[in-house]
Amino acid sequence: MKKVIVIGGGFAGLSASVDLAENNFEVTLIEASPKLGGRAYSVEDPEFGSFDNGQHILMGCYDETISFLEKIGSYSKLDIQDSLSIPFVRPGGAIYKLTAKKIYIR
Ligand SMILES: Cc1cc2nc3c(=O)[nH]c(=O)nc-3n(C[C@H](O)[C@H](O)[C@H](O)COP(=O)(O)OP(=O)(O)OC[C@H]3O[C@@H](n4cnc5c(N)ncnc54)[C@H](O)[C@@H]3O)c2cc1C
């Protein structure tokens with residue numbers, strides 16, 4: 001079995017590691033921080049509950065991300081909305097919205 005080292009346990013490193021392991025590589029994943037997920041993680045607050053840092057928006061074109069989530073059994077845990085309207089607040093208070101009228105689920 002060939003050995004490979006993947007550096008970084010964010011979405012990219014985790015997804016590469018899963019693909020490599022599926023293709024009979026012996027994978028060693030090296031992550032600098034004490035957690036996996038990289039920029040995509042959540043924090044627990046005793047008063048307000050769980051906060052996701054990122055990522056919140058997955059598009060249908062995210063083939064590799066969706067494939068990775070399916071492989072690790074997490075895709076079914078996503079909360080997929082029928083329509084989308086996310087308010088963003090600019091510095092100064094102006095609010096604008098990211099909207100999509102219909103979300104197609106593959
Ligand atoms: C607040 C926020 C909201 C977001 N919202 C969205 C969204 O809605 N939709 C979307 O598509 N994207 C979103 N993103 C972006 C998305 O989260 C990132 O594009 C994605 O997580 C990047 O994954 P990655 O594996 O490429 O990199 P990262 O997640 O940055 O992972 C890199 C990993 O490598 C590790 N590392 C770095 N250097 C070393 C080293 N020398 N040795 C060992 N380990 C190392 C780091 O610790 C890290 O864990 C958001 C990001 C943030 C911060």
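As the structure lists them, so they are numbered: ligands from 1, and atoms in each ligand from 1.
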Query raised in the report: Short list, please: which atoms of ligand 1 are under 4.0 Å from a heavy atom of Ile7?
Result: 40 (C), 42 (N), 43 (C)

Requested in this report: With heavy atoms of Tyr62 as the reference, note each atom of ligand 1 found under 4.0 Å away.
Outcome: 10 (C), 11 (O)

**Report entry** Contact bool for atom 27 (O) of ligand 1 (protein heavy atom, d < 4.0 Å)
**Finding:** yes

Requested in this report: Could you label the plane-to-plane angle of the Tyr96 and Phe88 rings as parallel, tilted or perpendicular, counting under 30° as parallel and over 60° as perpendicular?
Outcome: parallel

**Report entry** For Gly10, the ligand 1 atoms whose distance to one of its heavy atoms is below 4.0 Å
**Finding:** 25 (O), 29 (O), 31 (O), 33 (C)

Query - Thr28 and Glu26: CA distance, side-chain angles, deciding distance, side chain to side chain donor-acceptor pair (under 3.5 Å) verdict - result: CA-CA 7 Å; Thr28 300; Glu26 186 183 315; 5.4 Å; no

Query raised in the report: Please state which protein non-hydrogen atom is closest to atom 6 (C) of ligand 1 and give its distance, to 0.1 Å?
Result: Gln55 CB, 3.2 Å

Query raised in the report: For atom NZ of Lys97, is the number of surrounding heavy atoms from other residues, nucleotides or ligands below 6.0 Å larger than 12?
Result: no

**Report entry** Over all atoms of both residues, closest heavy-atom pair of Ser85 and Pro87
**Finding:** O-CD, 3.6 Å

Requested in this report: Answer yes if a protein heavy atom lies under 4.0 Å from atom 37 (C) of ligand 1, otherwise answer no.
Outcome: no

**Report entry** Per-atom contacts of ligand 1 with Ile30, taking only distances under 4.0 Å to non-hydrogen atoms
**Finding:** 43 (C), 44 (N)

Query raised in the report: To the nearest 0.1 Å, how far is atom 29 (O) of ligand 1 from its closest protein heavy atom, and which atom is that?
Result: Arg39 N, 2.7 Å

Report task. Kindly indicate whether atom 51 (C) of ligand 1 is approached by any protein heavy atom to under 4.0 angstrom. Result -> no

Query raised in the report: What distance separates Asp45 CG from Phe51 CZ, expressed to the nearest 0.5 Å?
Result: 5.5 Å

Query raised in the report: By number and element, which atoms of ligand 1 are closer than 4.0 Å to a non-hydrogen atom of Gly38?
Result: 29 (O), 31 (O), 48 (C), 49 (O)

Query raised in the report: Side chains of Ser42 and Glu44: is there a donor and an acceptor less than 3.5 Å apart?
Result: no

Report task. Using distance alone, decide if ligand 1 has a nitrogen or oxygen within less than 3.5 Å of any nitrogen or oxygen in Ser33. Result -> no

**Report entry** Residue and atom name of the nearest protein heavy atom (relative to atom 4 (C) of ligand 1), distance in Å to one decimal
**Finding:** Gly54 CA, 3.8 Å

Query raised in the report: Can Phe11 be reached from Leu78 by stepping across I, L, V, M, F, W or Y side chains whose heavy atoms are under 4.5 Å apart?
Result: yes

Query raised in the report: Considering only the protein, which heavy-atom contact is closest to atom 8 (O) of ligand 1, and what is its distance?
Result: Ile57 N, 2.8 Å

Query - Nitrogen or oxygen of Ala32 less than 3.5 angstrom from that of ligand 1 - result: yes

Query raised in the report: Tell me, which protein residue and heavy-atom name are nearest atom 47 (O) of ligand 1, and how many Å apart are they?
Result: Glu31 OE2, 2.6 Å

Report task. Would you mind checking which non-hydrogen protein atom is closest to atom 34 (O) of ligand 1, with the distance to 0.1 Å? Result -> Gly8 CA, 3.2 Å

Query raised in the report: Hey, what do you get for NZ (Lys71) to CG (Leu14), rounding to the nearest 0.5 Å?
Result: 12.5 Å

Query raised in the report: Any idea which protein heavy atom is nearest atom 25 (O) of ligand 1, and the distance to it?
Result: Ala12 N, 2.8 Å

Query raised in the report: atom 23 (O) of ligand 1: which of Phe11, Phe51, Tyr41 has the nearest heavy atom?
Result: Phe11

Query raised in the report: Nearest heavy-atom pair of Val27 and Ala21: which atoms, and what distance?
Result: CG2-N, 3.8 Å

Query raised in the report: How many angstroms lie between atom CE of Met1 and atom CG of Asn23, to the nearest 0.5 angstrom?
Result: 10.5 Å

Query raised in the report: How far is atom 1 (C) of ligand 1 from its nearest protein heavy atom, and which residue and atom name does that atom have?
Result: Asn53 O, 2.6 Å

Requested in this report: Supply the atom-to-atom distance Ile66 CD1 to Ser15 OG, rounded to the nearest 0.5 angstrom.
Outcome: 12.0 Å

Query raised in the report: Has the side chain of Asn53 got a donor or acceptor atom that lies under 3.5 Å from a matching backbone atom of Val43?
Result: no

